[in-house]
Protein chains: 2
Amino acid sequence: MPASPPAEKTTFRDVKAEILHRITEGPWGPGSLLPGEVELAEEFGCSRTTVNRAMRELSELGLIDRRRKAGTRVRKAPLRQARFGIPLVREEIEATGESYRYTLIARRLIEAPDWVAERMKLGPSGLVLHVLCLHSANGRPYQLEDRWINANALPQVQDEGFEAIGPNEWLVTTVPFSDVEISFQAVAAEGAVVQHLDHRPGEPVFCVERTTWWQGAAMTFVALSFRPGHRMTTRY
Amino acid sequence: MPASPPAEKTTFRDVKAEILHRITEGPWGPGSLLPGEVELAEEFGCSRTTVNRAMRELSELGLIDRRRKAGTRVRKAPLRQARFGIPLVREEIEATGESYRYTLIARRLIEAPDWVAERMKLGPSGLVLHVLCLHSANGRPYQLEDRWINANALPQVQDEGFEAIGPNEWLVTTVPFSDVEISFQAVAAEGAVVQHLDHRPGEPVFCVERTTWWQGAAMTFVALSFRPGHRMTTRY
DNA sequence: CAGTGGTCTAGACCACAAC
DNA sequence: TTGTGGTCTAGACCACTGG
């Protein structure tokens with residue numbers, strides 16, 4: 001006689017997919033109340049733990065709203081959130097099949113200018129290493145990196161010439177961080193951006209700024225300017 | 001005699017925090033191999049399940065790399081990823097304490113122009129509802145919404161005048177979606193953006209484009225242009 | 001092949017919040 | 001007060017993959 005088929009267990013992925021299905025195409029429209037975990041566990045023939053994990057993940061995705069005693073409801077307006085990967089420039093470029101090149105433009109150890117000191121919340125005598133460098137794709141300018149590194153907190157940075165590798169790559173493998181603030185904006189091209197990035201003065205530039213903190217102190221602040229026409233894209 | 005203290009159980013949060021601590025400030029530097037789940041469970045006096053959840057979440061955060069048989073390692077270059085919330089404009093504005101106002105500028109039912117048809121992958125005779133509207137904060141223009149809605153897939157949209165509420169709010173409570181593509185860029189101000197958003201021609205504009213799909217068809221495409229100086233910021 | 005993570009289970013207790 | 005989700009446990013089997 002044939003052995004009974006493996007009788008696959010219901011996985012939390014199965015449950016998650018089925019609930020998702022019922023939400024997007026089935027009977028559970030926006031605002032509706034879902035059955036409790038126990039009930040669903042019975043229906044799906046699995047343990048409550050499994051249902052719980054499925055629903056927890058849907059909750060993290062922002063599709064449902066869970067409250068003790070009140071139960072689980074489908075969100076009326078799904079929490080819209082997008083995740084962006086922030087790759088190393090080198091990887092971003094090489095991923096498209098283009099060749100990557102790094103060029104150091106300037107490197108100075110100085111007192112932080114006021115605006116930088118403010119951004120990084122440096123006290124007086126804020127010694128910083130300022131590095132300006134260019135990342136190119138197939139020989140054409142791709143991204144200009146305007147980097148400021150806290151030289152008091154990271155004295156070893158003074159031994160780095162950054163002739164061959166960018167501060168970006170040095171930092172990620174050397175400096176821990178606990179907190180990152182990142183912002184996107186559109187600015188008008190000027191100065192170094194015009195000079196090194198094939199921009200005409202006043203032309204729109206997509207710009208990313210990032211401050212990295214560790215133990216309450218800013219380790220580094222960077223302004224990244226991209227070549228004309230750059231887009232940052234994601235799907236979810 | 002005093003009852004013995006509650007003898008708090010170790011939670012997965014405790015474990016997560018402790019591991020995080022050892023990674024960022026302790027002995028587990030980038031690249032190092034962490035103890036196995038069983039070993040950690042013994043050390044922390046909890047079940048393997050608890051350790052597993054803690055490590056799974058750290059893995060989702062991109063801080064550690066887990067592989068069967070190989071064990072768990074601290075990532076050399078932490079996966080950089082940023083999460084951006086995509087709020088309704090109304091909420092974004094009201095959250096800052098400013099007053100919100102909606103203004104309909106234009107509404108036309110037309111054949112999709114080529115560039116829109118391409119974006120939304122519409123076939124021939126792609127009927128779309130085009131809505132242009134403005135979101136203001138404290139009476140000043142804040143965001144211009146250039147919206148295209150698939151009128152074949154969503155015939156009921158033709159009954160909506162959009163005089164009082166924006167297509168944005170109508171859509172989120174009406175149309176399900178399975179897939180979203182979003183992109184950010186810097187563009188030069190022109191046309192309606194200049195006319196309605198206090199931009200001078202050629203001035204940089206921060207622009208978000210979003211296409212929303214359901215069951216393989218594009219439901220809507222929108223281009224959002226922000227007032228001068230707008231920043232999109234997040235922390236993680 | 002054997003070690004490590006991935007997941008399921010059945011049961012339990014608890015915290016919160018709606019009633 | 002009581003129902004619902006949040007979490008822990010101890011044990012089990014399995015899947016992947018490195019050596």
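Note that the structure is predicted; figures quoted are calculated from it, not measured. So that the names make sense, note that chain A is the first sequence line, chain B the second, and so on, each numbered from 1.
- Mapping A:T50 and B:T72 onto DNA chain C by nearest heavy atom places B:T72 closer to the 5' end of the strand.
- Partner of B:T212 under the side-chain contact (heavy atoms from CB on, under 4.5 Å) criterion, chosen from B:V180, B:L171, B:I182: B:V180.
- The nearest pair of heavy atoms linking B:E37 to B:R66 is OE2-NH2, 2.8 Å.
- To the nearest angstrom, P of C:dG3 lies 20 Å from CG of B:N52.
- The shortest heavy-atom contact between A:N150 and A:L122 is ND2-CD2, 3.5 Å.
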>> For nucleotides 11-19 of chain D, give me one character per nucleotide, 5' to 3': B if any protein heavy atom sits under 4.0 Å from the base, S if the only such contacts are to the sugar-phosphate, - if neither.
In response: -B--BBBB-
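- Counting to the nearest Å, the P atom of C:dT7 and the CZ atom of B:R66 are 10 Å from each other.
- When each of A:R101, A:E92, A:H135 is tested with A:Y142 by the rule side-chain hydrogen bond (donor to acceptor under 3.5 Å, both in side chains), just one qualifies, namely A:E92.
- For A:R13, taking side-chain heavy atoms from C-beta onward, the closest of the listed nucleotides D:dT9, C:dT7, D:dG5 is C:dT7.
- Taking the centre of each ring, B:F206 and A:F184 stay at or above the 6.0 Å mark.
- In this structure, A:R53 atom CZ and D:dT7 atom P are separated by 13 Å, rounded to whole Å.
- Rounded to an integer number of Å, the gap from B:E37 CD to C:dT7 P is 11 Å.
- A:E181 and A:R210 are not joined by a salt bridge, as no carboxylate oxygen comes within less than 4.0 angstrom of a charged side-chain nitrogen.
- Taking atom CD of residue A:E57 and atom C1' of nucleotide C:dG6, one finds them 12 Å apart after rounding to whole Å.
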